[in-house]
Structure formats: C-alpha cells, structure tokens
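Step one of this worksheet: look at the structure below.
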Amino acid sequence: MEKLFIKKLNKEIEINSWEEANKILAEVISTYILDSKLGESIIKSIVNDDGFSVDFEVKKNISENSLPLLEGKIKKQLSKDVKVKSQLPTSMIKNIKLLGVSGLTLDNKMGNRIFGFATLTKEEFDSKLIEIKDRQERDHRKVAKDLDLFMIDDLSGKGMPIWLENGVLLKRQIQDYIWKQEKKYGSQQIETPVLGLIDLYKTSGHYDHYKENMFPEMKIEENETFMLRPMACPHHVLVYKRKPKSYNDLPIRISENVKQYRYEHSGALIGLERVRAMELTDSHIFLREDQLKDEIIKGFSLIEETLNKFDIEIDYIELALHDPSNKEKYHGDKKLWLKSEKILKEFLDEKKIKYKEMKGEAAFYGPKVDVQIKTALGHIITVSTIQLDFLLPERFKLTYKNSKQELIRPIMIHRGLIGTYERFISVLLEQTKGNFPMWLAPRQAVIIPINNKSHGKYANVIYQKLLDENVRVKIDDSDERLSNKIRIHQQAKVKTQIIIGDEEMNNNKVTYRFYGEEESNTVTISELISLYKKEQ
C-alpha cells in the first residue's frame with residue numbers, strides 16, 4: 001500500500017495510508033458512532049489488508065439497509081477532526097465504504113460485525129472497489145444461485161440447506177472421488193445413527209466441552225435422552241471397541257459419510273460456509289504409537305493429493321495448540337498435551353512445511369494441523385485437518401494387546417479430508433466462480449433443439465445416447481427464444497451447449513460449443529461421446 005509523508009508539528013511523519021486510515025475509521029466508529037449513538041458494547045476492532053471490522057454486542061441486529069445512513073454519520077464525524085489516538089487528522093479521510101454487516105456470537109451473546117475500508121487517496125479507493133467487485137462476483141451464494149445448487153428457506157430452518165438437483169449432482173461427484181481416495185488409503189466404510197444417547201457424549205467429553213454447539217436434549221423415555229450428534233467420533237470409537245484387538249490389527253481406519261448437526265446462532269449463518277446441518281466424510285484411525293509418524297505422513301499426503309485434484313488454493317497451514325490457562329476448554333493432562341503437540345510440530349518441521357502456531361485453537365481432546373482457506377468475504381475457514389487424540393481412547397478404555405499380550409491404549413487420529421461438503425463446495429464455487437472442470441460439473445451438457453417440433457425427436461435420440469454414457473445432460477425444450485436459451489445456459493455455466501437444427505438432423509451430427517469458447521464444432525454423435533470420455 002502507498003505511504004504518505006505529511007507535516008505535523010514541524011515534523012515529517014511517515015504514514016502507511018491504508019493501515020492508518022482504517023485504524024482511524026475503526027476507532028471513530030467504536031468511540032463516536034456505536035458507543036454514543038447506539039449505546040452498544042464494543043468487543044474488538046481489527047485492521048488488516050481487507051480494511052477494518054468492528055465487533056459489538058446488540059439487542060437487535062443492524063440491517064444492511066441502515067449502512068448508508070451509518071456511513072453518512074461517520075463521514076460527518078470524520079469532518080470534525082475529532083480526537084483520535086493517531087497523529088493523522090481525521091478530516092484527511094474522505095474515502096470510506098461500509099461493505100456490510102453480519103451477525104455473530106460474542107460470549108454467548110448476540111453480536112454484529114460492521115466491516116468496510118477507508119483510504120487517503122482516491123486512486124487507492126478506486127482500486128479497492130474493483131477488488132471488492134471481483135470478490136462479490138466470487139461470493140459462493142451468488143455463484144450457487146446462478147448454478148441453481150441449493151436453497152435455504154426459513155420455514156425449513158435457517159442454516160439447513162436444501163440441495164437442488166444440480167447441487168446433488170455436484171456433491172455426488174465429490175463424494176465418489178473422496179470415497180475412492182478413502183479406499184485407496186485402506187479405510188473401511190461404516191454407517192452410524194444421527195442420534196446418540198446423552199451418556200455417549202458425556203463419556204466422550206463433548207457434552208462438557210461442546211454442549212453450547214449441540215442442539216437441545218430430546219427426552220424420549222425415562223432413561224433415554226438423545227441428542228443430535230455434532231460429530232461422529234464417539235460412534236466410531238464404539239465400532240473399534242466392539243471386539244478385542246491385537247497389535248497386528250492396527251492401524252484400523254474407519255470412514256463414514258456423516259450427517260451431523262451443530263447449533264450456530266442465526267446471525268452467524270452464511271450460505272454454505274456456516275450451516276447447522278452438514279455432511280462430511282469423517283475418518284478416524286486407531287493405531288500404535290510406533291505407527292503414528294508414518295500415519296500422519298500418509299494422511300497429510302492424502303490431503304495434499306485431494307486438494308490438488310480440485311486445484312484448491314490454500315492460505316496457510318495452522319498448528320493449533322492448547323492454552324494451558326484455559327482449563328475449562330481443554331482436558332488437563334499436561335503430559336499428553338506436551339507429547340501430542342511435540343509430535344505434530346516435529347512432523348511439520350521435518351517435512352519443511354510452513355505453518356503458523358495458534359495458541360488456544362486446539363480441539364478439547366488434542367492439537368491439530370489445519371489447512372486454512374480465505375473466503376471471498378475475507379473469512380479464514382478450515383477445510384482439511386489432522387487431529388491427534390490421546391483422550392478419547394482413555395475415556396472409552398480402548399485397548400489392544402501388544403506382542404507380550406499386555407493391554408495397551410491405542411492412539412486416535414481424527415482426519416478430515418475436505419471438511420464438510422457444504423463448506424468445501426462454498427470454497428470451490430468461490431475459487432472457480434462455478435466454472436468446474438468437465439468431470440466435476442453438475443451439468444455437463446444441454447441439448448437445445450432450434451425447433452421443438454421439427455428437431456425434438458432427434459434431440460431425444462442424442463439425449464438417450466449421452467445418458468447411456470453417464471453424461472449429465474438435459475434437453476431444453478422450453479418456449480424461450482434460442483438466444484435466451486443460450487444466454488441462460490451460459491450464465492449457469494453448463495459445460496457444453498449442443499445445438500440441433502436441420503443440418504445436424506439431416507447429416508446425423510451435432511453442433512456443440514464448450515463454455516467460455518467462441519467457436520462451435522460439428523461432429524458425429526460418437527465423436528461427441530468420445531470427448532466426454534476423454535474429460536472424465
């Protein structure tokens with residue numbers, strides 16, 4: 001970012017215009033706008049490369065519609081050259097933009113986050129607006145709407161996505177690939193219930209450490225209280241425990257396509273990025289200590305290979321450690337924490353993987369290595385993860401017999417290959433803008449007869465042949481004009497538009513054009529089919 005030199009008190013001061021302007025704006029909003037005008041409690045303000053954000057408690061959510069009015073109040077306050085900690089006069093800031101307001105939970109209270117940016121120069125302001133426009137185009141909610149992937153209806157439940165046909169097709173392609181990866185890794189697939197007795201989660205420790213993120217208890221009978229599961233690891237532990245194990249049986253890798261439910265405050269829900277109902281391929285590995293290093297290497301290699309397949313751009317790798325002072329959030333065995341954190345740190349260092357250490361971000365049962373991604377809204381979210389767990393095997397008294405027939409506790413690894421399908425698809429949509437490779441695209445082809453009566457029968461012949469070859473195809477026999485059909489399917493990023501007219505019908509051929517290309521090609525049906533086989 002550009003730096004400015006200004007004269008103040010007969011002294012030249014070097015100012016980083018971006019950082020300074022956004023610090024001032026966050027301070028003015030916190031001190032003069034929210035405290036005095038709204039009477040709300042400011043929790044924190046942050047300045048980074050994206051601008052600023054201010055988090056504050058509210059009794060009622062601030063709406064997007066109120067932002068222009070708030071922006072006007074801020075500009076008026078800035079023009080007064082009000083007192084701030086910075087050496088820079090506030091009246092120098094003439095270029096500000098409030099980008100939005102979102103809901104969040106602050107210490108179990110309702111909160112809002114206002115975010116935006118400020119600059120000292122018009123050139124920098126214009127450049128930032130172009131960048132923001134690009135981000136808005138990449139917002140997964142907009143892209144998903146164009147592709148008709150999912151819907152959320154308040155009557156069904158906030159944070160409860162309803163997957164539409166195209167969304168299901170996309171999700172299945174991902175699931176099929178992920179399961180092939182799991183089989184290659186040596187996982188056994190199981191299925192477990194979406195409910196569990198409250199005693200299961202009390203035994204695992206989730207009830208004590210995670211209950212604020214769990215849906216309320218459901219009392220069925222006097223001795224039966226159920227909860228919707230927030231994760232599948234306790235069920236997988238029970239599968240391991242069902243019969244005795246020998247050291248030769250390990251490692252045991254369990255994988256499941258899991259549906260689970262977590263309570264999130266309604267104000268914190270964001271499209272597919274943050275939901276209440278989610279699905280993921282969840283894997284747990286039970287192993288001996290001498291197998292741990294090799295298993296971590298294999299797991300991380302599988303994550304790398306999978307993310308490369310989808311061409312995912314990551315932001316950074318995080319080593320999530322516990323905070324020894326937070327005794328409520330984490331189990332209290334200091335030796336286990338030191339041991340497990342040392343193992344992951346040594347792995348990252350030996351593999352020369354760059355990472356950030358984040359104190360206080362571990363799971364309650366152990367440290368983890370997280371693959372972090374930056375969203376179009378500037379959020380940092382976790383996709384893939386490897387988590388060590390010495391605690392659950394202890395809580396559930398898991399054992400295996402070593403070569404001396406002694407009972408030993410196994411170690412447990414929680415390994416998330418791509419995280420939830422909801423969050424992963426939100427990342428895919430933002431990083432590709434919905435322009436998927438042919439093998440992944442939910443809609444690979446659309447057949448458009450120029451005249452439904454004249455060319456409809458031949459279009460159906462082509463449709464059936466493509467369908468027999470597992471091409472994801474539809475016929476558009478709507479009454480729209482040809483130009484409108486082409487525009488609609490272009491906006492939906494259908495990979496191939498196949499046009500059928502007299503020439504194609506009379507010569508037993510098809511004319512097609514791939515998404516993003518100007519040229520059309522006329523080929524036989526068999527030649528067209530071979531193109532799809534090549535792309536699979």
Side-chain angles (χ1 to χ4, degrees), residues 61 64 100 102-105 135-179 191-195 210 213-216 227-232 256-282 310 312 373-385 416-436 440-443 472 491-494:
N61 283 322
E64 292 276 350
S102 61
L104 67 160
T105 303
R135 287 190 178 186
Q136 289 172 340
E137 289 295 314
R138 289 191 292 111
D139 189 316
H140 81 272
R141 293 166 294 184
K142 177 189 180 302
V143 180
K145 186 176 181 181
D146 291 341
L147 272 60
D148 203 26
L149 299 182
F150 75 97
M151 62 175 281
I152 294 176
D153 192 301
D154 288 354
L155 190 59
S156 171
K158 293 180 179 179
M160 305 282 188
I162 296 173
W163 289 96
L164 305 175
E165 183 184 16
N166 287 346
V168 171
L169 289 171
L170 173 61
K171 191 160 65 163
R172 280 181 182 167
Q173 297 310 304
I174 301 171
Q175 288 171 343
D176 287 348
Y177 174 79
I178 295 301
W179 183 230
E191 290 185 6
T192 59
V194 297
L195 293 170
Y210 206 77
N213 295 106
M214 298 173 73
F215 276 90
M227 301 192 80
L228 278 170
R229 67 172 171 197
M231 64 280 294
E256 180 181 5
N257 202 64
V258 173
K259 289 188 176 181
Q260 59 192 34
Y261 303 85
R262 296 181 181 179
Y263 175 73
E264 298 278 0
H265 194 280
S266 59
L269 302 171
I270 306 172
L272 294 177
E273 181 186 316
R274 188 174 290 275
V275 294
R276 288 169 169 167
M278 62 207 74
E279 189 174 354
L280 73 159
T281 300
D282 202 11
F310 292 94
I312 295 296
I373 289 174
K374 193 172 189 177
T375 71
L377 295 177
H379 303 153
I380 296 297
I381 59 173
T382 302
V383 174
S384 310
T385 185
L417 198 46
I418 59 168
T420 68
Y421 291 109
E422 286 75 15
R423 179 166 283 187
F424 187 69
I425 287 174
S426 77
V427 169
L428 277 176
L429 291 171
E430 294 190 351
Q431 295 197 0
T432 65
K433 293 186 178 180
N435 184 15
F436 298 116
L440 186 57
R443 193 65 63 199
R472 297 184 289 281
Q491 183 178 345
K493 297 181 174 63
V494 177

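In what follows, every heavy atom counts, from backbone to side chain, and hydrogens, waters and symmetry copies are set aside.
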Heavy atoms, side chains only, cut-off 4.5 Å: are [X] and [Y] in contact?
{"X": "F310", "Y": "L440", "value": "yes"}
{"X": "F424", "Y": "I312", "value": "yes"}
{"X": "W163", "Y": "I425", "value": "yes"}
{"X": "I270", "Y": "R141", "value": "yes"}
{"X": "Y261", "Y": "R276", "value": "no"}

Crowding at NZ, K158 (>12 non-hydrogen neighbours, <6.0 Å):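 No.
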
Write down the atom of [X], the atom of [Y], and the distance for their closest heavy-atom approach.
{"X": "P161", "Y": "E422", "value": "CG-CG, 4.4 Å"}
{"X": "M278", "Y": "V275", "value": "CE-O, 3.6 Å"}
{"X": "I418", "Y": "S384", "value": "CA-OG, 4.0 Å"}

Angle class for the H140/F150 ring planes (parallel below 30°, perpendicular above 60°, tilted otherwise)?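 Because their plane-to-plane angle is under 30°, the rings of H140 and F150 count as parallel.
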
Would you compute the distance between atom [atom1] of [X] and atom [atom2] of [Y] and round it to the nearest 0.5 angstrom?
{"X": "L417", "Y": "I174", "atom1": "CG", "atom2": "CD1", "value": "11.5 Å"}
{"X": "E264", "Y": "R262", "atom1": "CD", "atom2": "CZ", "value": "8.5 Å"}
{"X": "I373", "Y": "I380", "atom1": "CD1", "atom2": "CD1", "value": "9.5 Å"}
{"X": "Q491", "Y": "D146", "atom1": "CD", "atom2": "CG", "value": "4.5 Å"}
{"X": "M160", "Y": "D153", "atom1": "CE", "atom2": "CG", "value": "12.5 Å"}
{"X": "N257", "Y": "D282", "atom1": "CG", "atom2": "CG", "value": "10.0 Å"}

Can you list every pair that meets salt bridge (charged side-chain N to carboxylate O under 4.0 Å, His left out) and has a residue in residues 164-179, with sequence neighbours left out?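 As it turns out, the salt bridge (charged side-chain N to carboxylate O under 4.0 Å, His left out) pairs with a partner in residues 164-179, which skip direct neighbours, are E165-R443, E165-K474, K171-E279.
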
Using a strict 4.0 Å threshold on nitrogen-to-oxygen distance, state whether R229 and E256 make a salt bridge.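 A salt bridge links R229 with E256.
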
Hey, is R135 close enough to D139 for a salt bridge, meaning N to O under 4.0 Å?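 Salt bridge between R135 and D139, a charged N being under 4.0 Å from a carboxylate O: no.
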
Begin with the C-alpha distance, continue with both residues' side-chain angles, and end with the deciding distance and a verdict on side-chain contact (heavy atoms from CB on, under 4.5 Å) for Q173 and F436. CA-CA 11 Å; Q173 297 310 304; F436 298 116; over 6 Å; no

side-chain contact (heavy atoms from CB on, under 4.5 Å) partner of L149, chosen from L169, V143, N166: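 Answer after filtering L169, V143, N166: N166.
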
When H379 is tested against each of R274, K374, E273 for side chain to side chain donor-acceptor pair (under 3.5 Å), which residue passes?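 For H379, the side chain to side chain donor-acceptor pair (under 3.5 Å) test succeeds with only one of R274, K374, E273, which is E273.
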
